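Structure first, then comments.
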Amino acid sequence: MTTLTILLLITLLLPLAGFILLQGIGQRLGEPLAGYVGAGTALLTFSVSVITLIVWIYGGTSWGFHVGPYVDAVGWLPIGSFPGQRNDGFLDLAYYVDSLAVVMIAALTFVSAIVHLFSIAYMRNDPRYPQFYAYLSLLIFAMVGLLLSASLVQVLIAWELLGLCAYQLIGFWHEKPRARSAAVKTFITQRVGDVAFLTGMGIIIAYMGNTTLPDLWLTLGDPVQQIMSPTMLTAVGLLVVTGAMARCAQFPLHAWLHDATVGPTPVSALIHAATLVAAGVFVLARVYPILTPEARLVIVGVGAVSLTIGTLCAMAQRDLKKALALSTISQMGLMVLAIGVGSWIGALFHLLTHAFFKSLLFLCAGTVVHAMSRETRLEKYGGLYRRLPVTAVTFAIGGLAISGAPPFSGAYSQEMILAHIAAWCTSAEQAGRSGLFQAALWVTVGAVYLTPLYMTRLWMLTFAGRTRDRKHSRRATEAGIMSFSLVVLSGMTLVAGYAWFPIQAMVEESATETRAYTEMARIDPLAGTWPTFGSPAEIIYDGAEGIEIRQSFRTMAEVAVVDGLERVRRVTAFSWLLGIAVGVLIYARGFKVTNSLGRVPVIRSIRVALRDRLFFDLLYSRLIPAAVRAVSRTVGVVEHRVTDPLACIPAGGAGNATCIGRSRWIAAGVILAATLLAGGFALQWLTGG
Amino acid sequence: MQLIHDHLLITLVGLPVVGAAVTLCMPTAVVARITARVSVAVTFVLSLLLLLPPVFDWTQPGIYGYADADTVVQLVLRWEWTKSLRTEFLLGVDGLSLPMVLLTTLLFGLAVLASGDGRPPARQYFATLLLAESAAIGTFLALDLLLIFGFLQATLLAMMALIGIWGGDRRRWAALKFFLYSFVSSAAMLVGIVAIGWGVGSWDVIALASSLREIASADASWATGVFVLLAGAFVVRLATMPLHAWLPDALAVAPTPAGALLAGLLLPIGGYGLLRVVMPLLPMQAQQLWLSTMILAVVSVLAGTLCAMRQDDLKRLFAYHAISQAGLILLGIATMTPAGVGGAVCMMMAHGLTGAAIVFVAGGIEQRVRHRRIDRVRGLVAMRSNDARLAALFIFAGMGLPGMCNFVGMLMVLLGVFAAARSGPLADNASPAVFFIFGAIASLGGALTAALLLRLIQRLYHGLPRSDSSSADSEPTDGIPADSDTVESFVLWALASLVLVIGIMPWATLLMFSHHTITALVKVLGG
């Protein structure tokens, strides 16, 4: 046991202990006390994770920042031996601790501690207050477990636990029918993703006998070994990724995310920013080395579509929380797209900054919703700046960060992703592929233009202008503990992007380490742009020719990145200002301008389509359940008419009544025969036959 | 120690019979219940002795076993029985029967505990339960084909009596249906057994595994016929589609403790029989018929859940859910890989615990609201939140959520299906893609089950309570009611702790004991 393992174990088990404690005696602790226990556990977990971070930075002999990852595996389930298997017939549970995991745990526990604090005020007077804290603690346990896990089985376990917590928390107010259906929708979407994930994992096990990540990277990421055909590898990669897509709400498994906002707002802050959706991107990054170029192209497509859908639909939402949820879909789309083009660092850097500013935005929304007696519709808001000044300012900070305004953290990560996408396009062009690839860039840039617009819309409609609902807003106040949480989070939103803050450096180091495992030797311009961006990487490939190819390649990629960064900066340096300016102009007078625009028939139908989120809800809430019901009805009829009457066949009867009549005699005969048989045996035994 | 070695198994089989006789002689039902409780408690404690390394040492090879694999059977007890038929009274315990015996003693213990003093002829009821326990333990310990058959028939007759005499509405019809299915399957089994026994001249399941091989390969059609008869007989016990129709009716009307035994014990008996008798005796036939077995299993997994979605009767819904779980057991056995067979063993144990627990939960609800109609219950969480939380735990376990034993079983079975594509005896039979598609379809069952059970939780527990469902202390109308809230909570807590412990540490609590046996079994199957 090293110091590191002890610290990590404490980080993992403290939230679990909190869950057990709150489940056991939570009701007896009662309202404020259960909350203090929950928040105390969360704060303690955060402190331990900060100590872990410090220990990690100073490092041990074989692990630490600038030293290397800490890997450990234990056998869990006997599944028999396989050809080419590295272990002794056991399915492993494994831990892979690198800079990324450590920094992610610190960030996650920070956000969760803030959310716990915030909830003390938000959930006041709720009859199931202790339950709420119990499931929050379980959520943290599952998420820390996921961040430490280094085998696909563990990922599945952590995902399922996260799904359970999401189900319980989204459906927390289960008296509301909408909360119940949203909770089910969330869980089932995750399960559908898990079906794909499990299939992919099963195929990997059939070929390798294990699922630990280092094994995966070494074996599947290596084109020389070729243990499965490239087509199969692409299929496996896509199947595994589908599970991650269900988590980070990517098209077409995205429809649960905006429904999930019916849960308590602190839950949305946690699920939509730091836990469930982050779990998807994190796993995507972990399995990145096994993804073939073809699989990555699909991922780019999925990310681009989700980015577009999310951004466009966020423009037209009438509900503050739904708009923020759709903005999460679009931001997750950006990260997924980034992973697809090979911007591993950019995606994870953005994941971390996004965790801060999106949870800030959701908690601001929570303050507003709380102050307005749980009202979430934008048309009831307006002019809240005077009532909720701290919220208005912090919301603006979050909005600027997500828009990519320079001093805030979002700008740095977004810029990195954009530069990498530009470089990706350049290298694709140099390799003679173009057209489609350029489209990804333009989609992204378009979304970057639109993000400040919809954020300004939300801010203007909520805080600026005149008051639209005097009755509620007159009583609107912000509780002290809520304002405190918001201020702390906006502080993090400010500093998280700076180079002197260790986040970026640690993500970069993890990228280098992951690459060192894999050798990514595929001769493909799309493959080569991976983690080399921004980090001087050593060459580890065998053979003079390989080195030469890679070196020229790397130089090419680095030049492309620098070039891309310049191009992107020219655009994004002021695009956010433009977006905000347009937003202020349109929404300065509330809904007036948009409503008059909406009278034009074409614009009206577009607006309705976007407001109803392109009718995907119809598909998931009506069509698919109806189809399952229809199949179930058919099976039930077959069961009732065909299989069930089979019981009568031995009796020779047709209907149930005659069946009973005739079979009574047969039954009597059979019992007689059985008795005779048993008696005969007994007799034979007694006489010593 | 030698005393234990020589007499433990026969004591386990015989003690409940003695208990039954004593129970019948007791003057009143209350005293009879006490003797029955003492009897099951002593049997359970004695069966726990099997977990001690000096008694059953899982690290060491046993003293008896398959010819071309490690020996695995321990504590062998062999008495000569009929000379002319060359049958023996042959008992032994290995990694396959050990968990099943413990499950039996545990579930019967809980069933007797949960059986209250509701009805006057309680003496006979307890005696029947005890006889069923003895027969069930015997089924799992016996290693002689005729002995297995005899014990199994006794178990079935005792269960039929429990359904037909102490059941609820329409108990005659349910008992009859149960009997018809048992009769046809037993007749098929008897024909198969006799065909083997007379052909080879031995009834010893372990020895037959090697001596039957030449005969089976010489006469393939005969062997296929015997395989179909025997496998069919045990698949009826496993209640996979389309041979399942006895289970929903029987489970719905049986008194709750007997229902728990039906779901938790009779289904695993089917899986046990397949692993003990059918697969090692006729592995070549199992390999030939793998496709139809797998299709049956996958159909059962999906159609069981789909049928369950349409049920309004709580216990019938759980019966169909049990059918889909049984499909997973069959699927694991059909893969003939270590992961699949281990998963099937794990799944039998897991379903034994959660299936029984879920029936106890349903019985508790039935007792309080006096009916089983899901559409007439709502908001039960408001009634007793502790019970609701435990019930949710079992329902989530049935969904295969990690941390609980069903997840381990499901995961291993599915991994077994995928593993069969590249290793094991089936790998050459078809292209890997076929197995991958089977695995994908079977894991789709996980999503369907989640849809079914989440809806169920919401229909039962969530929402605002109905005004008429809060009549908590009314008299139950039928069935043997649970004794009291304390007894019911004890039963559920006992099962819940096992579900969690096995789910978190499957190796140390279950798979460790079975490991050698499963390895030897897979070797016999040709892996």
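Naming convention: chains lettered A, B, ... in sequence-line order (proteins, then strands); numbering from 1 in each chain. What you see is a predicted model, and the numbers here were worked out from it, not measured in a lab.
- There is no contact between B:F435 and chain A, counting heavy-atom distances below 4.5 Å.
- At a 4.5 Å heavy-atom cutoff, A:Q154 makes no contact with chain B through either its backbone or its side chain.
- In terms of heavy-atom pairs under 4.5 Å with chain A, the best-connected choice from B:C346, B:G446, B:A421, B:G439 is B:G446.
- Looking at every heavy atom in both residues, A:G145 comes nearest to A:A158 through C-CB, 4.5 Å.
- The aromatic rings of A:Y167 and A:F187 sit perpendicular, their planes meeting at an angle over 60°, well past the 30° parallel limit.
- B:L444 touches chain A through backbone and side chain together, each having a heavy atom under 4.5 Å away.
- With hydrogens and angles ignored, the 3.5 Å screen pairs no side-chain donor or acceptor of B:T335 with any backbone N or O of B:V417.
- Side-chain atoms of B:S300 come within 3.5 Å of backbone N or O of B:M241 as a donor-acceptor pair.
- Chain B forms more heavy-atom pairs under 4.5 Å with one residue of A:E175, A:K176, A:E160 than with any other, namely A:E160.
- Of the two parts of B:L401, the backbone and the side chain both hold a non-hydrogen atom closer than 4.5 Å to a non-hydrogen atom of chain A.
- In B:R310, the CZ atom is crowded: over 12 heavy atoms of neighbouring residues, nucleotides or ligands sit closer than 6.0 Å.
- With a 4.5 Å cut-off on non-hydrogen atoms, A:W173 does not touch chain B at all.
- In this structure, B:D144 contributes its side chain and B:E88 its backbone to a donor-acceptor pair below 3.5 Å.
- With ring centers used as reference points, A:F132 lies under 6.0 Å from A:F172.
- The candidate from A:V192, A:D194, A:L164 with the greatest count of non-hydrogen atom pairs under 4.5 Å with chain B is A:L164.
- Between A:F90 and B:W507, the distance separating the two ring centers is shorter than 6.0 angstrom.
- Remark: the backbone N or O of B:V236 is not paired with any side-chain donor or acceptor of B:T240 at under 3.5 angstrom.
- Residue with the most contacts toward chain B among A:R180, A:M201, A:M232: A:R180 (heavy-atom pairs, distance under 4.5 Å).
- Between A:Y207 and B:F436, the ring-plane angle classifies as tilted under the 30° and 60° cut-offs.
- Distance alone, capped at 3.5 Å, places no donor-acceptor pair between the A:W159 side chain and the A:A142 backbone.
- Of the atoms belonging to B:I441, not a single heavy atom falls under 4.5 Å from chain A.
- Contacts of A:I203 with chain B are made by both backbone and side-chain atoms, with heavy-atom separations under 4.5 Å.
- For the set B:T519, B:T337, B:L411, the count of heavy-atom pairs under 4.5 angstrom toward chain A peaks at B:L411.
- Interface residue B:I457: only side-chain heavy atoms are found under 4.5 Å from chain A.
- A:L198 touches chain B through backbone and side chain together, each having a heavy atom under 4.5 Å away.
- Heavy atoms closer than 4.5 Å to chain A are found in both the backbone and the side chain of B:M399.
- With a 4.5 angstrom heavy-atom cutoff, A:Q23 touches chain B via backbone and side-chain atoms both.
- When all heavy atoms of A:A246 and A:L253 are compared, the pair lying nearest together is CB-CD1, 3.7 Å.
- For A:V153, the part lying under 4.5 angstrom from a heavy atom of chain B is the side chain only.
- Between chain A and the options B:A419, B:S186, B:A303, the largest number of non-hydrogen pairs under 4.5 Å is found for B:A419.
- Neither the backbone nor the side chain of A:R629 comes within less than 4.5 Å of any heavy atom of chain B.
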